[in-house]
There are 2 protein chains.
Amino acid sequence: MTTQKEVTIYDIAEALDLSPATVSRGLKDHPAIRKDTRKRIVEKARELGYQHNSFASNLRRNKTNTIGVIVPRLNSYFMSTVIAGMEKVANAGGYNLIISQSMESVDKEVANVKTLFNSRVDGFLVSLAYDTEDLSHFDMVLDKNIPLIFFDRVFEHPKCISIVIDNFKAAYEVTTHLISQGCKRIVHISANLKRNVYTDRLRGYKAALLDHNIPYDEKLVFFNNLSDQAGIEVSEAILKMEQRPDGIFSSNDACAVSCIRQLKLAGLKVPTDIAVAGFNNDPLSKVIEPNLTTVNYPGQEMGELAASTLIRRLDRLEGANLNTMVLRHDLIVRESSLKKG
Amino acid sequence: MTTQKEVTIYDIAEALDLSPATVSRGLKDHPAIRKDTRKRIVEKARELGYQHNSFASNLRRNKTNTIGVIVPRLNSYFMSTVIAGMEKVANAGGYNLIISQSMESVDKEVANVKTLFNSRVDGFLVSLAYDTEDLSHFDMVLDKNIPLIFFDRVFEHPKCISIVIDNFKAAYEVTTHLISQGCKRIVHISANLKRNVYTDRLRGYKAALLDHNIPYDEKLVFFNNLSDQAGIEVSEAILKMEQRPDGIFSSNDACAVSCIRQLKLAGLKVPTDIAVAGFNNDPLSKVIEPNLTTVNYPGQEMGELAASTLIRRLDRLEGANLNTMVLRHDLIVRESSLKKG
DNA sequence: CTGTTAGCGCTTTCAT
DNA sequence: ATGAAAGCGCTAACAG
């Protein structure tokens with residue numbers, strides 16, 4: 001069955017009349033090994049079909065070369081580009097990724113932290129669930145000084161690095177842009193305010209209104225899970241309003257696209273009657289008609305930066321000791337979604 | 001630093017004046033342990049902040065409770081739903097997922113197999129890269145009887161289970177559908193024929209043509225990587241054809257959508273001038289106008305089935321011993337993409 | 001440059 | 001129901 005006697009460094013050592021220690025060294029690039037010895041070792045290893053046993057090594061070194069990743073959900077374009085970026089960097093640096101989803105629930109997040117902790121991952125890359133209130137479930141991790149890096153949905157903590165974009169500024173830009181197109185009553189679709197990304201975007205939205213002397217009206221702000229369904233519901237609410245909004249700024253593209261479709265079904269013209277902007281630069285935004293003005297969220301780079309920062313720390317190469325690293329975003333203006341060409 | 005003396009079962013044993021063996025048993029649900037002894041053990045463990053050390057356990061049991069996943073790319077909607085499904089099932093079954101991308105290259109795929117093999121994953125879930133020619137890089141895996149399951153992009157092998165949909169039938173249905181809408185010259189966009197999914201779909205396409213007395217014209221079949229860019233190029237080729245095609249069947253939605261956009265830009269009416277159908281039921285297909293007729297590819301279920309089949313095998317629960325498992329697909333007809341309402 | 005030695009923390013016979 | 005003991009395969013002092 002699965003186990004038919006492993007070939008170990010002892011077998012190689014015996015065959016070559018060497019000590020296991022020498023073999024162990026020869027198999028890596030230990031400087032203190034004669035070239036030809038190393039060569040004999042490597043050859044014999046191949047001949048016997050030797051395969052390095054990571055977990056014996058792990059046990060001994062107390063290191064797994066594994067990174068634990070916890071994300072709310074895997075199945076969004078944004079998140080899969082993040083993961084793709086992480087995987088690329090991790091792989092190049094000799095690390096594996098163990099990925100788990102919290103499904104937007106703290107309970108699952110807590111369970112995932114425990115599992116990964118027990119698996120002795122060397123470090124954590126985490127984007128928080130909607131309803132996570134505090135970081136107490138990470139205490140065991142932080143107490144052992146296991147590096148923990150947050151990305152996207154972050155939480156301030158003296159021991160942790162956060163990797164984000166400037167959500168405030170991005171939201172400010174989007175809102176300002178809508179205003180510059182003539183919008184006066186702008187709906188904002190937001191989500192759980194426990195999460196920085198949504199509070200920051202809401203703040204940016206408010207700041208832009210303020211700076212342009214547009215009163216803030218809380219009836220224009222919706223809180224939901226930014227799903228397609230949520231977009232439909234918001235649209236219906238909008239259609240029922242006595243005084244119709246003329247702009248929408250959604251915290252993600254999926255929900256924005258859903259709004260556009262629903263509003264068009266109801267006979268509204270986008271952007272003439274109502275302009276719409278999203279967030280994330282999801283491929284959807286280029287396909288919906290009219291194309292969606294949105295914010296380019298550099299997912300791949302965020303994944304790469306998160307992973308490389310973590311690995312630098314793990315490998316004690318240190319580097320940036322900032323507490324918060326901010327990636328550049330871009331406002332992507334797609335003319336067709338604007339009120340005035 | 002990262003290591004400040006682990007709390008081990010020895011510490012618990014000592015504190016309770018028991019043997020480590022008893023503690024080890026007490027921590028699981030070994031039957032031969034008195035209830036109150038177990039309770040004392042569990043309490044003391046919590047008190048001391050004990051955490052199970054998976055890799056010592058792994059080393060001993062020669063099992064990691066880890067599943068290695070290799071996919072061509074992570075950043076497609078289809079693949080992320082597959083992974084989401086796998087993660088869900090794996091997590092519920094006490095397994096972790098280590099995920100790696102081959103980036104559509106054999107070389108990377110070979111390297112990934114080695115790494116995962118060395119990490120002693122208990123089993124493999126694999127979807128092959130474009131240019132993988134044979135399974136020799138899996139020899140070490142198969143020789144050790146480590147379970148290997150292919151999904152989506154599969155390869156026949158007596159020791160392996162394949163999980164697929166009926167690509168032939170799906171393609172036949174799509175093509176027949178286009179024909180029923182009056183299409184007579186149907187372009188097919190395909191990819192590397194080393195992969196079952198593309199050969200099967202091409203076969204389905206040909207069979208449908210044959211059954212409807214439409215001659216097969218190889219100039220109408222394009223091979224590329226199904227990207228946005230590929231869609232643009234195909235569209236340009238189509239526009240240059242002396243006798244213009246009136247239908248397109250693309251092997252994925254991204255490329256189909258790209259074609260629609262490009263053809264519309266060139267002034268063609270979709271579907272009046274040319275009807276388009278895709279594959280995968282990507283969210284894009286519901287957003288493009290006209291909506292795209294496509295094939296629902298049940299990614300989440302495929303991920304769940306792959307993972308649960310593997311885990312059943314790993315846990316020796318066996319179950320289905322089929323060599324190939326075929327999931328149900330659905331043709332999704334979106335009226336607006338058809339020639340005649 | 002190579003060898004000796006002593007574990008890493010856990011599980012599992014085999015005893016009792 | 002519990003304990004003793006051996007060892008999974010590797011690595012890192014330390015010694016030479």
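To find a chain, count down the sequence lines: A is the first, B the second, and so on, and within it residues start at 1.
In this structure, the CG atom of A:Asn62 is 12 Å from the C1' atom of C:dG7, given to the nearest Å. The distance between atom CG of A:Leu27 and atom P of D:dA12, rounded to the nearest whole Å, is 13 Å. Distance A:Ile12 CD1 to C:dT2 P: 15 Å, rounded to the nearest Å. Atom-to-atom, CG of A:Leu16 to C1' of C:dG3 comes out at 15 Å; the value is rounded to the nearest Å. The distance between atom OH of B:Tyr10 and atom P of C:dC10, rounded to the nearest whole Å, is 8 Å. B:Ile9 places its CD1 atom 12 Å from the P atom of C:dC8, with the value rounded to the nearest Å. Protein atom CG of A:Leu18 is 11 Å distant from nucleotide atom C1' of C:dC1, rounded to whole Å. Between the CZ atom of A:Arg38 and the C1' atom of C:dC1 there is a distance of 11 Å, given to the nearest Å.
A side-chain donor-acceptor contact under 3.5 Å links B:Asp122 and B:Thr64. Side-chain atoms of A:Asn65 and A:Ser54 include no donor-acceptor pair closer than 3.5 Å.
Between the side chain of B:Arg25 and the base of C:dT13, at least one donor-acceptor pair of N or O atoms lies under 3.5 Å.
For the pair B:Arg153 and B:Tyr130, the cation-pi criterion (under 6.0 Å, within 45° of the ring axis) is fulfilled.
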Exercise. Show your reasoning for whether side-chain hydrogen bond (donor to acceptor under 3.5 Å, both in side chains) applies to A:Ser136 and A:Asp134.
Key: CA-CA 6 Å; A:Ser136 57; A:Asp134 62 66; 2.6 Å; yes
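Along DNA chain D, the nucleotide closest to B:Pro31 and the one closest to A:Ala21 are compared, and the more 5′ of them pairs with B:Pro31. Take the nearest nucleotide of DNA chain C for A:Pro20 and for B:Thr22: the residue whose nucleotide is more 5' is A:Pro20.
Counting any heavy atom pair closer than 4.0 Å across all strands shown, B:Asp11 reaches no nucleic acid atom. Using a 4.0 Å heavy-atom cutoff across all strands shown, B:Lys28 reaches sugar-phosphate atoms only and no base atom. B:Asp36 comes within contact range of no nucleotide atom at all, as no heavy-atom separation falls under 4.0 Å.
At C:dT11, one or more side-chain N or O atoms of B:Ser24 fall inside 4.0 Å of OP1 or OP2 (strictly under the cut-off).
The salt bridge (Lys or Arg N to Asp or Glu O under 4.0 Å) with B:Asp36 is formed by just one residue from the set B:Lys39, B:Arg34, B:Arg38, B:Arg40; it is B:Arg34. Between B:Tyr50 and the options B:Leu27, B:Val42, B:Val23, a side chain to side chain contact (heavy atoms under 4.5 Å, CB included) holds for only B:Leu27.
Of the residues in residues 54-61 of chain A, those placing a heavy atom less than 4.0 Å from an atom of DNA chain C are A:Leu59, A:Arg60, in numerical order.
We find that A:Arg73 and A:Glu104 are not joined by a salt bridge, their nearest charged nitrogen and carboxylate oxygen being 4.0 Å or further apart.
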